[in-house]
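Residues take their numbers from the sequence shown, with the count starting at 1.
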Amino acid sequence: MTKTISFNDLRRIKDSLPDGATREIADKLNVTVQTVRNYFGGSNYEFGKNCGVHIEPGPDGGIVVLDDTTIYDMAVEIIGEEKE
């Protein structure tokens with residue numbers, strides 16, 4: 001399922017993750033930590049892969065279309081658990 005979100009909102013989610021959450025997501029999905037970072041706007045493809053994130057320039061940092069929301073959904077769940 002795809003999701004459209006602003007780049008700034010995607011970065012806010014990444015910045016809200018507690019320490020170690022990026023590694024936790026990577027371990028659960030059997031991908032590199034850099035792949036998870038690339039999902040949230042990083043661009044180191046030497047050590048990580050593209051995760052189906054498409055960024056278009058525009059207001060609020062641009063528009064991001066996420067082809068697969070698995071990492072996004074896991075991040076939102078972790079943030080929700082932290083707030084409880």
Side-chain angles (χ1 to χ4, degrees):
M1 174 178 236
T2 63
K3 179 169 186 66
T4 303
I5 187 172
S6 76
F7 181 78
N8 289 344
D9 286 340
L10 185 66
R11 294 298 289 187
R12 274 190 278 282
I13 290 169
K14 180 233 173 235
D15 293 341
S16 297
L17 288 170
D19 289 341
T22 303
R23 166 128 346 253
E24 179 183 337
I25 292 169
D27 290 346
K28 284 182 181 177
L29 297 176
N30 199 30
V31 298
T32 66
V33 172
Q34 190 57 50
T35 297
V36 176
R37 287 184 185 136
N38 288 348
Y39 187 88
F40 287 108
S43 59
N44 183 340
Y45 298 107
E46 183 176 342
F47 298 106
K49 296 180 181 178
N50 183 337
C51 300
V53 174
H54 310 283
I55 301 172
E56 298 288 329
D60 204 19
I63 301 298
V64 179
V65 177
L66 306 171
D67 289 343
D68 182 345
T69 62
T70 303
I71 293 174
Y72 172 87
D73 294 338
M74 291 176 79
V76 169
E77 183 178 327
I78 290 169
I79 292 167
E81 289 170 358
E82 283 290 305
K83 289 183 178 179
E84 291 178 3

Point to revise | Minimum heavy-atom distance between Thr22 and Arg37, given as atom pair plus value | key: CG2-CG, 4.2 Å
Review point. Is it the case that more than 12 heavy atoms not belonging to Asp60 sit under 6.0 Å from its CG atom?
Key: yes
Check your understanding: Is any side-chain N of the basic residue among Asp15 and Arg12 closer than 4.0 Å to the acidic one's carboxylate O?
Key -> no
**Study point:** Gap between atom CZ of Arg23 and atom OG1 of Thr32 - 0.5 Å precision
**Key:** 9.0 Å
Study note, to complete from the structure: For Thr69 and Tyr39 the tightest heavy-atom approach is CA-OH, 3.6 Å
Check your understanding: Are Ile78 and Ile25 side-chain neighbours, meaning at least one heavy-atom pair lies under 4.5 Å?
Key -> yes
Check your understanding: Roughly how far, to the nearest 0.5 Å, is the CD1 atom of Ile63 from the CD atom of Glu56?
Key -> 9.0 Å
Review point. Going only through I, L, V, M, F, W and Y residues with side-chain contacts under 4.5 Å, is there a path from Ile71 to Val33?
Key: no
**Study point:** Closest non-hydrogen atom pair, Arg11 against Phe40
**Key:** NH1-O, 2.8 Å
Check your understanding: Looking at Thr4, Asn8, Leu10, which one forms a side-chain contact (heavy atoms from CB on, under 4.5 Å) with Ser6?
Key -> Asn8
Point to revise | Thr70 and Asp68: CA distance, side-chain angles, deciding distance, side-chain hydrogen bond (donor to acceptor under 3.5 Å, both in side chains) verdict | key: CA-CA 6 Å; Thr70 303; Asp68 182 345; 2.6 Å; yes
Check your understanding: Does any non-hydrogen side-chain atom of Ile5 lie less than 4.5 Å from one of Ile13?
Key -> yes
